[in-house]
Amino acid sequence: MEITVRGLWTMIHGMGFGALYLMACSGALVELYRRYRSPLGPEIKVDDERFLRIYLTAMAVLAWLTVLTGAYIIYPWYRAVPPPGTADLAAFPQRLLMSSPSTAALHSIGMEWKEHVAWLVPISITMAAVVFSQYRRSLRIHPELRAAVLGFVWASLLAAGIAGFFGAMLNKNAPVAGGPIIHVVQGEQK
Amino acid sequence: MSNPGTSSTPQAKLNPNGAGAAAVLAAGIGSFLVAVFAILADKVAPIKSLMNFYKPTGPLSGVTTCAIVLWLAVWALLHWRWSWRNVAVGRVTAAAFILLFLGLLLTFPPLADLF
C-alpha cells in the first residue's frame, strides 16, 4: 500500500483537519444549546466549562489548520499550470477538470466557492471560542450573545460542509496526487 | 452604540456585553470582507494582480490575508471602543448575521458573477 506525498497532504487536510472539524461541530452545538440556554438551568461544573473552552479552542485550531494547509500546500498543486503541449493532465487537477464540459463546473463553481467560503469557518469559530472563553456561564444572562455564538457555529458547520462536499467531489474527479511515493505497508504477493 | 435592548440584570452590568458584541460584529464584517475581496480580485484586473501575495496560491493569498487582517483590525478597534460597556447587542447581532449571510451568498460564484 502506498500513497504520494500530495495525496497524503490532501488526506490530512480533508479527512484529518476538515472532517474532524465537521464532526466536532455537532458536539459544540449540543453543549452550547443544552447548558447555556437558561439562567435558571442546572449548575455548570468548572470542569465542564473548561472542557468546552478547550473544545472550542481546538475547533478553532483545526479550522485554521484546514484553511492554511488547503490554501498554501494543496491549492498550489491543484492550480499548477502544465507546460505547453502536455497531453496527460492527471498531475494538473484544475486543467483536467476544465478540459471537459462535464467536469468544468466542479472548478468554476465547486472550487471557486470552496476556496472562499471555507475562510468563514475559522473566522466564525475563533469568534465563538473567544466569546465563550470570555463569558462562560454568564452567557446565560446574555441570550443575544449566546444566540450569536450558536448562529455562527451553525454557519461554520454549513460553510465547512460546503467546502467538504466540494473537496470530496473534486478529489473524486481530479485528485491532487504526485510527488514522492510513501510505502505504507508492504503486502504479500500471491 | 447606546444601551436600548440590553440585559439589565445586575450580573449583566458587572459583565458588560460590549466585548462579546465587538467580537460578533467583527466576525460578520470579516465574513463579508472575504466575499468582497474575492469579487474585487475576480472582476478588477489591477486588484487581482495586487492580491497575488504568494504566487503559487495566486490572488486567493491576498484576498484572504487582506480580509483576515482587516477583520482582526476591526475587532481590535471595536473591542477598544466597547469592551467596558453594554451595547444594543440585539441590533449588533442582527447586523452581524446579515453580513455573515451576505458573505455566504456572495462567495457563491453564480451570484458573485452578477457584479
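Naming convention: chains lettered A, B, ... in sequence-line order (proteins, then strands); numbering from 1 in each chain. A quick note: this is a predicted structure, and the numbers were derived from the prediction, not measured.
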Contact leader toward chain A among L60(B), V63(B), T93(B), where contacts are heavy-atom pairs under 4.5 Å: L60(B)

T64(B)-W119(A) side chain donor-acceptor pair, cut-off 3.5 Å: no

Which of V131(A), V81(A), L120(A) touches chain B most, by non-hydrogen pairs under 4.5 Å: L120(A)

V117(A) portion near chain B, given a 4.5 angstrom heavy-atom threshold: both

Segment of A147(A) engaging chain B (4.5 angstrom heavy-atom cut-off): backbone

Partners passing side chain to side chain donor-acceptor pair (under 3.5 Å) against W71(B) (at least two apart in sequence or in another chain): none

Residue pair V153(A) / S124(A), side-chain heavy-atom distance below 4.5 Å: no

Heavy-atom contact with chain A under 4.5 Å, split by part of Y54(B): side chain

Side-chain donor or acceptor of T86(A) paired with backbone N/O of P82(A) under 3.5 Å: no

Side chain, backbone, both or neither of L72(B) within contact of chain A (heavy atoms, under 4.5 Å): neither

N-O pairing of E49(A) and R35(A) below 4.0 Å: no

K48(B) with D42(B): basic N within carboxylate O range, under 4.0 Å: no

Part of T57(B) lying under 4.5 Å from any heavy atom of chain A: both

4.5 Å side-chain heavy-atom contact, V67(A) and V121(A): no

Best-contacting candidate, V130(A), L145(A), L139(A), against chain B by heavy atom pairs under 4.5 angstrom: L145(A)

Choice from W77(A), Y75(A), Y78(A), Y135(A) maximising heavy atom contacts with chain B below 4.5 Å: Y135(A)

Close aromatic pair by centroid cut-off 6.0 Å: F17(A) and Y21(A): no

Side chain, backbone, both or neither of L104(B) within contact of chain A (heavy atoms, under 4.5 Å): both

Residue among G103(B), A21(B), A19(B), A112(B) with most heavy-atom pairs under 4.5 Å to chain A: A19(B)

